[in-house]
Amino acid sequence: MNRRQFLATGSAGLASVALPRFLGAAPNATDLTQPAPANPFLEWFGIDEALIRRVMSELTANGAAIAELYFQHKRTNLIRMQDGLASQASSDIAQGVGLRVVVAGQTGYAFTEDLTPESMLRAARVAATIANGARAPVPVHFDPRRQGDLYPVERPWSEVGLDEKLPLIQKVEALVRAADPAIDKVTVQLTDTDERVLIATLDGHLLVDRRPSVLLGLMVTAKRGAKTQSNLGSLGARDGLSFYTDGRLKAQVDEVVARTLVLFDAKRPPAGEMPVMLAAGASSVLLHEAIGHGMEADFNRIGTSIYSDMIGKPVAAPFVNVVDQGNLPHELGTLNMDDEGNATGRAALVEKGILKSYLHDNLSARHYGIDRDGVAHVGSGRRESYRFPILPRMTTTFMENGPHTREEIVAAIDRGIVAETFTGGQVAIGPGDFTFYVKNGWLVEGGKITAPIKDVNLIGNGPEALKRITMVANDFKLDPGGWICGKYSQSVPVSIGMPSALVSRMTVGGENV
Amino acid sequence: MSEPSTQTQTQNEAPAAEALLARARQAVEMARAAGADDAWATAVEKRSVSLQFRDGKPETVSDATTRALDIKLYVGGRYGVYSTTDLREPRLREFIREAVPLTRQLQADPDRRITPPALFPVDDTGDVLQLQDPAIARLDSGQRLEWCREMDALVHAEPRLISATSTAEDSQIHIANASSNGFGRGYAKTTTSLGVNLSMRDQGTGAQQSERRAEGGDSADCLHLGDLPSAQRIAEGALARARARLGGRQGPTIKTTMVVESRAAITLIRDLLASATAANIQQGQSFWPALIDTPAFSDKLTIVDDPLRPRGLGSRPYDREGIAARRLVLVEQGRPKAAYADTYYGAKARLPITTGEPSNRVVQPGTRTLVELVRAAGDGILVTGWAGGNADPTTGAFSQGLDGHIIRNGEIAEPVVGMIVTGSLPALFASLVEVGNDPFPYAALLTPSLVFENVQFSGA
């Protein structure tokens, strides 16, 4: 997948990650300024608890093991500056309820954007047709619960007007233009989102969350003579306006400009197999593709993932530890609770080289029987919106520091490349074959970095790539960009990170046989 | 799974087109009343129903009704786009009332204007295009279940099968547009689709042979039920495609002939045309303008965008801006002729306004079948699918992972995995030597199989 065309999941187990399509989509704004009210049903969605009970009763009329109503109100604002003009803005409100009932592994799902009793009851009846058993008992009262405070903001985005956003994007544009005379075109785009979520579950919980996010996208085109090069960057968080400090903005601009200008001197590396050093940070696209998707429990529950029979087996060197963690403060992949209301946390995918745990939603946790002895699974059930059913998904996926240094890794490469920045990746779940696209990188010859490279695809197989990780450095870095993960036509924000690491052999899509 | 009630089916049927158009017109009136100079509104209602059936039983049944209103506001040379699914009248009025002053805070842009009426459609093409099949609205869950059961049973005859998911899905969408300068139209479109995705135990080679699964799938999307292939054909197609992946080995690093099967060729044509947009051209991110009217590509290549194909998946009477549908020649015998240009970027780039929205992109076919193309190639690589990659519209550089087969002595030989094709899109299409006669009919981009010479592959 690439950043202009993310999200096409046609075949059986295809999943992908890409930088967001911030320069083409027309996202959405907000008025979510207040703390969660005492009666969020009424105050957020104009409905009451009695109606929720009625809808839940219809939804579970033919039986239910799992059932929930997922209410969501999401407002997204966008402002774009291009060719020196901040002349385009958009705002979108999406509001609706998704209704799901699960019986014996079968799911009935419906959603409606019309929150009238008639419409919700009708949707519930449709979803309930999946089952034909006895009516499930419905809670007499929904117990309000709110957990986590992982993304506090000093001021909600609804209180941030255009008068504050305009100077921000103008500042960024000016920084880019001042960076180098070769800069020809600059597009800066700021997208802020506020989202209210309310989940009513069959076991009587009422869970609420408010989710801010913001993403600054930057596209730069430079000209030298007849040659043109362009590149992208983004900087995002679940945070407020204060996230964009002068220091962060300057660093982002400098990096994107440097990545663009170096393309004038960059060439493609030779084609074929060679050692690849994954630079610290965004190289975790490889982890996301090579192992993350294959460890999502829905693929394993039905036996279609290459990792389906490998839990407890050694898959990498003992210094390799891979984690998915949904509770890192302010990360775009972070959630106070997952979209089934479960607490997020740390899930070890690979621990000391051993394959440790899948990523679960309620359905797979039930299948594997892992919620027991009072310990609940780490919540990894996510959905793009009320329009989609739940799937096990990644949040922030990263590799932990290892025993080597970046310099030691470079010195160990006789003829290979460093992969530094990426536009995205893709994996086929069953065979485990993955690709990821390197926008910027470096050629390494005789243990030294010698020349810039660009525009190459790398291809490998997940388990084989893990086995070939022979060195891991101690320079861990979380990538600050906004990554979007696509699976079964659903997009969710994720975060990625890792230290520098060496894969002893990968196929590089170069030129000049 | 029990049958949904008849009442449910009936209640979710298409809303009156007049009501939808009235909603769009009302939004335009609200915008004008709030101070907008011009406004363009789109009201949409869509119902889609799907059944996923896995390994002998229904897995997911879903029913979705979407309704939304988008409005573009032109206020003192400023421009804003606003959309909402909250259509309660007081909320909508408030939403638009707030949007107008928000738009006014932006900077004025002289190139941003509402679509001029001269570009609006004059004739009603709805019946000619045949976008709607009333039979789809009458489909019931029993029919979807029967299709899925049939596909599921057929693929489960394969002993190496691990799991298969069959899908039957259909939708009805109604769109209405209104503007402050006289536009007021709408149309409806139906779609139906069948598909199977499956996973099989792979007896292939390589370090991970015991864990490796082969995947494959087939699907078809149509506007009319009568155009849908049989469930049997879909199931057999999925099985054939999965079986073809069994035992894949990494291919060599080599320069050779590349034959791209019609379904995979869609990606190449899409990547090539990504540079043919006024937005990319105006932003300096396109190789297209330097090639206009030059023999840049092989003379075997002709590409037309045709929104007026009856029953075409991308057919439409007008685009999102209200520009009337008309045929657009993008490449003629290897010479790039035009680009997609909406009203804004067309004006900025000083290009003729065509449309900013692709419809049915059609590559003019040749005369030979895929088998004949492979035979003529002698040796090379047959690409049947892509495994991820990227193409840069600024420079044309591309690099894509692939699934396919070795071509040896004019025959399709063993499957290959772990290979990448790399190059430049203009150079690749200059090396196009033949176009087949076999476009995959269930897509909006219709291209036959393509044959290229001297292509760089990376592998073992």
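Keep in mind that the numbers below use all heavy atoms, side chains included, and drop hydrogens, waters and symmetry copies. Lettering of chains follows the sequences in order, A, B, ..., and the numbering in each one begins at 1.
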Provide the closest heavy-atom pair for A/A271 versus B/Q456 in the form atom of the first, atom of the second, distance.
-> CB-NE2, 3.9 Å

What is the distance from atom CD of A/Q95 to atom OG1 of B/T84, rounded to the nearest 0.5 Å?
-> 7.5 Å

Step by step, would you call B/E215 with A/I429 a side chain to side chain contact (heavy atoms under 4.5 Å, CB included)?
-> CA-CA 8 Å; B/E215 294 176 342; A/I429 301 297; 3.9 Å; yes

Name the region of A/A123, side chain, backbone, both or neither, that has any atom closer than 4.5 Å to a heavy atom of chain B.
-> neither

Count the heavy atoms belonging to other residues, nucleotides or ligands that lie under 6.0 Å from NZ of B/K57, then report whether that count exceeds 12.
-> yes

Out of B/G418, B/A108, B/G195, which one racks up the most heavy-atom pairs below 4.5 Å with chain A?
-> B/G418

How far does CD of A/E511 sit from OG1 of B/T253, to the nearest 0.5 angstrom?
-> 13.0 Å

A/R301 bridged to B/D55 by N-O distance under 4.0 Å = no

Using a 4.5 Å cut-off on heavy atoms from C-beta on, say whether the side chain of A/D433 contacts that of B/R212.
-> yes

Could you tell me whether the side chain of B/Q107 and the main chain of A/L85 form a donor-acceptor pair under 3.5 Å?
-> no

Give a yes or no answer on whether the side chain of B/S83 reaches the backbone of A/D92 with a donor-acceptor pair at less than 3.5 Å.
-> no

Find out whether B/Q285 and A/T228 are in side-chain contact, i.e. whether some heavy atom of one side chain is under 4.5 Å from a heavy atom of the other.
-> no

Interchain contact, A/V508 with chain B, by part (heavy-atom threshold 4.5 Å) = backbone

Does the B/S199 side chain pair with the main chain of A/G430, one donor and one acceptor, at a distance under 3.5 Å?
-> no

Can you find a heavy atom in the side chain of B/Y79 that is under 4.5 Å from one in the side chain of A/S90?
-> no

Is B/S62 reaching over with its side chain to a backbone N or O of A/A110, donor-acceptor style, under 3.5 angstrom?
-> no

Could you verify whether a donor N or O on one side chain and an acceptor N or O on the other, from A/Q88 and B/R78, lie under 3.5 Å apart?
-> no

Do A/Y109 and B/V61 come close enough that some side-chain heavy atom pair is under 4.5 Å?
-> no

By a 4.5 Å heavy-atom criterion (distance strictly below it), what part of B/M419 contacts chain A: side chain, backbone, both, or neither?
-> backbone

Residues B/D63 and A/R122 bridged, charged N to O under 4.0 Å = no

List the steps and the verdict of side-chain hydrogen bond (donor to acceptor under 3.5 Å, both in side chains) for A/T112 and B/T65.
-> CA-CA 6 Å; A/T112 179; B/T65 303; 6.0 Å; no

Looking at A/L166, A/V456, A/L99, A/D114, which makes the most heavy-atom pairs under 4.5 Å with chain B?
-> A/D114

Counting distance only, does the side-chain N/O of A/Q106 pair as donor-acceptor with the main-chain N or O of B/P58 below 3.5 Å?
-> yes

Closest contact, heavy atoms only, B/Y344 versus A/S87 | OH-OG, 4.1 Å

With no hydrogens and no angle check, is any side-chain donor or acceptor of B/S458 less than 3.5 Å from a backbone partner on A/G510?
-> yes

How many angstroms lie between atom CG of B/L69 and atom CD1 of A/I93, to the nearest 0.5 angstrom?
-> 11.5 Å

May I ask you to check whether A/T507 and B/Q250 show a side-chain donor-acceptor distance below 3.5 Å?
-> yes

Nearest non-hydrogen partners of B/F95 and A/S91, listed with the distance = CZ-O, 4.0 Å

Judged by atom type as modelled, is there a donor-acceptor pair below 3.5 Å linking the side chain of A/R268 to the main-chain atoms of B/G423?
-> yes

Below 4.5 Å from any heavy atom of chain B, which atoms of A/Y386 appear? Answer side chain, backbone, both or neither.
-> side chain

If you count heavy-atom pairs under 4.5 Å with chain A, which of B/Q282, B/R67, B/R54, B/Q283 comes out on top?
-> B/Q283

Interface residue of largest heavy-atom contact number with chain B, from A/E113, A/K185, A/Q82, A/E273, under 4.5 Å | A/E113

Do A/N457 and B/F398 have side-chain heavy atoms sitting under 4.5 Å apart?
-> no

For A/S119, is it the side chain, the backbone, both, or neither that has a heavy atom closer than 4.5 Å to a heavy atom of chain B?
-> neither

Could you grab the distance from atom OG1 of B/T395 to atom CG of A/L263, nearest 0.5 Å is fine?
-> 8.5 Å

Keeping the roles fixed (side chain from A/T107, backbone from B/T60), state whether a donor-acceptor pair exists under 3.5 Å.
-> no

With only heavy atoms counted, which part of B/R241 is less than 4.5 Å from chain A, the side chain, the backbone, both or neither?
-> neither

Heaviest contributor of heavy-atom pairs below 4.5 Å to chain B, chosen from A/I79, A/D83, A/D163, A/L458, is A/D83

Can you tell me how far OG of A/S305 sits from CZ of B/R213, rounded to the nearest 0.5 angstrom?
-> 7.0 Å

Note: vs chain B, highest number of non-hydrogen pairs under 4.5 angstrom among A/G108, A/A104, A/G303, A/A127 is A/G303

Chain A interface, residue from B/D70, B/D109, B/T103, B/L73 that has the most non-hydrogen pairs under 4.5 Å = B/D109

Could you please spell out the steps behind the side chain to side chain contact (heavy atoms under 4.5 Å, CB included) verdict for A/F111 and B/T66?
-> CA-CA 8 Å; A/F111 76 81; B/T66 303; 3.4 Å; yes

So which part of A/D455 gets closer than 4.5 Å to some heavy atom of chain B, the side chain, the backbone, both or neither?
-> both

So, B/S163 side chain and A/T304 main chain: donor-acceptor pair closer than 3.5 Å or not?
-> no

Ionic contact status for B/D392 with A/K454, cut-off 4.0 Å | no

In Å, rounded to the nearest 0.5 Å, how long is the span from CG of B/D86 to NE2 of A/H73?
-> 6.5 Å

Do the non-hydrogen side-chain atoms of A/L162 and B/L106 ever get within less than 4.5 Å of each other?
-> yes

Under 4.5 Å, counting heavy-atom pairs only, tell me which of B/K348, B/K72, B/R245 racks up the most with chain A.
-> B/K348

Flag if over 12 foreign heavy atoms under 6.0 Å of CZ, B/R320 | no

Which bit of A/R505 is near chain B, if near means a heavy-atom gap under 4.5 Å: side chain, backbone, both or neither?
-> neither

